[in-house]
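Data first, discussion second: the structure below is written as structure tokens.
Below, each value reflects all heavy atoms present in this structure, side chains not excepted, and no hydrogens, waters or symmetry copies. Each chain gets a letter, A, B and so on, in the order the sequences are listed, and its residues count up from 1.
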Protein chains: 2
Amino acid sequence: MTLPSTYADRNCSLARTLEVVGERWTLMIVRDAFFGVTRFGDFAAELGIPRAVLTSRLKSLVQEGVLTREGDAPGGVEYRLTAKGIALWPALRAFMNWGDEFYSPAGAKRTFRHDQDAGLIDQDGRCQECGTVVRVPEIRIERGPGFEPTESDPVSEAITTSRRLLEPVTAARTPAPAAG
Amino acid sequence: MTLPSTYADRNCSLARTLEVVGERWTLMIVRDAFFGVTRFGDFAAELGIPRAVLTSRLKSLVQEGVLTREGDAPGGVEYRLTAKGIALWPALRAFMNWGDEFYSPAGAKRTFRHDQDAGLIDQDGRCQECGTVVRVPEIRIERGPGFEPTESDPVSEAITTSRRLLEPVTAARTPAPAAG
DNA sequence: CCAGCTAGTTCAGTCATTGAACTGACACAT
DNA sequence: ATGTGTCAGTTCAATGACTGAACTAGCTGG
């Protein structure tokens with residue numbers, strides 16, 4: 001096999017998953033992609049990650065089919081989650097839940113709602129109102145009780161405002177038809 | 001704050017979680033702990049991880065309260081998951097599911113069953129028979145259709161045999177009452 | 001053809017990981 | 001008490017990854 005094989009264990013799907021998203025920064029990049037970050041510069045600024053590392057991580061995520069790189073977008077390159085990338089959402093949510101549970105005594109740093117009916121989404125991704133498992137693009141993210149307001153740069157501001165997942169943050173660069 | 005702050009983002013529970021279990025090898029160690037590995041030497045052999053790194057990872061996992069280190073066990077030191085560590089199970093399962101879905105065409109490498117009624121456990125951790133969310137010690141793990149038999153050392157052998165999670169693998173060192 | 005923006009690349013310094021060999025504590029037998 | 005074995009680590013040189021800052025290159029509009 002010509003697998004990356006950073007971890008030897010061929011018989012554990014966890015090992016296989018970690019080959020793809022287990023490196024330092026990778027999962028944070030994927031998180032930002034869920035939150036609507038699409039541009040190289042925004043990832044770099046948001047995460048404070050060295051640009052060389054960002055280049056390398058984006059490359060392997062694209063290669064693995066987690067992200068696509070769209071070079072002909074108006075205003076420059078855009079990185080977007082694929083279906084395979086979106087399928088990482090339950091795992092990401094589980095990690096966030098754990099972090100909230102053990103490190104955020106004031107409550108979750110962010111809460112998730114079903115955009116259609118404003119129902120809260122539980123730990124299994126199910127809407128408390130309509131009972132369905134909410135699809136990722138229909139998830140609205142909001143600041144939770146444990147959120148600590150600090151940062152002030154525009155991108156951080158944008159991704160902590162109530163918004164739907166996957167909705168691009170800086171499409172502002174394509175001058176919007178209605179507003180400025 | 002005196003947090004590790006490998007990742008700057010204070011407002012993301014994902015970042016906080018990754019501070020604890022995001023380093024190379026850490027999640028594999030936790031996985032092994034779920035599968036019943038408790039001893040330093042078994043972790044080292046199972047994972048092929050340098051002993052120095054293992055020492056460092058175990059230390060921080062104990063410090064974070066994910067594992068306990070019990071030095072007065074018969075036969076030597078034992079590492080065990082705490083409640084906080086066990087709470088990582090949904091996240092681990094989500095990562096395994098993703099790996100199975102996209103990298104194991106022959107099906108899941110391992111399957112999980114409710115030990116009490118042999119019901120299959122779905123992606124939300126729910127038993128298909130009784131409908132309850134199965135507690136971790138009641139989960140029985142088996143080789144799945146995608147399992148590829150290769151390794152042959154005793155510990156690998158043991159943790160790929162049908163068994164309940166958290167059940168120690170090498171308690172054999174405490175001579176068993178019935179068998180030799 | 002210049003200024004400004006974007007998406008990268010380059011590179012020296014630092015830090016983490018690797019793998020192999022070594023130490024120290026305990027247990028049991030001679 | 002001496003030797004043998006096991007277990008849980010430590011030590012260390014070599015290698016590799018990450019960091020941060022500066023630099024390059026392509027496009028856009030004036």
Could you tell me the separation between the CD atom of A/Glu23 and the P atom of D/dT19, rounded to a whole number of Å? 11 Å

Could you list, one pair per line, each protein nitrogen or oxygen that sits under 3.5 Å from a nitrogen or oxygen of nucleotides 18-21 of chain C, together with the distance?
unit_1, atom_1, unit_2, atom_2, d
C/dT18, OP1, B/Arg24, NE, 2.9
C/dT18, OP1, B/Arg24, NH2, 2.6
C/dT18, OP1, B/Trp25, NE1, 3.2
C/dT18, OP2, B/Trp25, NE1, 3.0

Look at A/Arg31 together with A/Glu46 and state whether they make a salt bridge at an N to O cut-off of under 4.0 Å. yes

Looking only at the aromatic ring of each residue, does the gap between the centers of B/Trp25 and B/Phe43 stay below 6.0 angstrom? no

Contact between B/Asp100 and B/Arg110 at the side-chain level, heavy atoms closer than 4.5 Å - yes or no? no

Please report, rounded to the nearest Å, how far the P atom of C/dC5 is from the CG atom of A/Asp42. 14 Å

Whole-Å distance, A/Met28 CE to D/dC18 P, equals 15 Å

Tell me: CZ of B/Arg39 to P of D/dG9, nearest whole Å? 11 Å

Connected via hydrophobic side-chain network under 4.5 Å: A/Leu81 and A/Val62: yes

So, B/Arg39 and B/Glu78, do they make that salt bridge, N to O below 4.0 Å? yes

Would you kindly give the CG-to-C1' distance between B/Asp72 and D/dA8, to the nearest whole Å? 15 Å

A/Leu54 atom CG is separated from D/dC18 atom P, nearest whole Å, by 13 Å

B/Trp89 vs B/Phe34 aromatic rings, parallel, tilted or perpendicular, using cut-offs 30° and 60°? tilted

Collect all protein-nucleotide pairs involving nucleotides 24-29 of chain D in which both atoms are nitrogen or oxygen and the distance is under 3.5 Å.
none

Is any NZ, NE, NH1 or NH2 atom of the basic residue among B/Lys109 and B/Glu148 found under 4.0 Å from an Asp or Glu carboxylate oxygen of the other? yes

State whether A/Thr55 places a side-chain N or O below 4.0 Å from either non-bridging phosphate oxygen (OP1 or OP2) of C/dA7. no

Do the side chains of A/Glu142 and A/Arg113 get close enough for a salt bridge, i.e. N-O under 4.0 angstrom? yes

Looking at C/dT17, D/dC18, C/dA7, which one has an atom nearest to any side-chain atom of A/Arg57? D/dC18

So, is A/Lys59 close to the C/dT9 phosphate, meaning a side-chain N or O under 4.0 Å from OP1 or OP2? yes

With heavy atoms under 4.0 Å as the rule, sort A/Tyr79 into base, sugar-phosphate or nothing. sugar-phosphate

Answer yes if the ring centres of B/Phe40 and B/Tyr79 are under 6.0 angstrom apart, and no otherwise. no

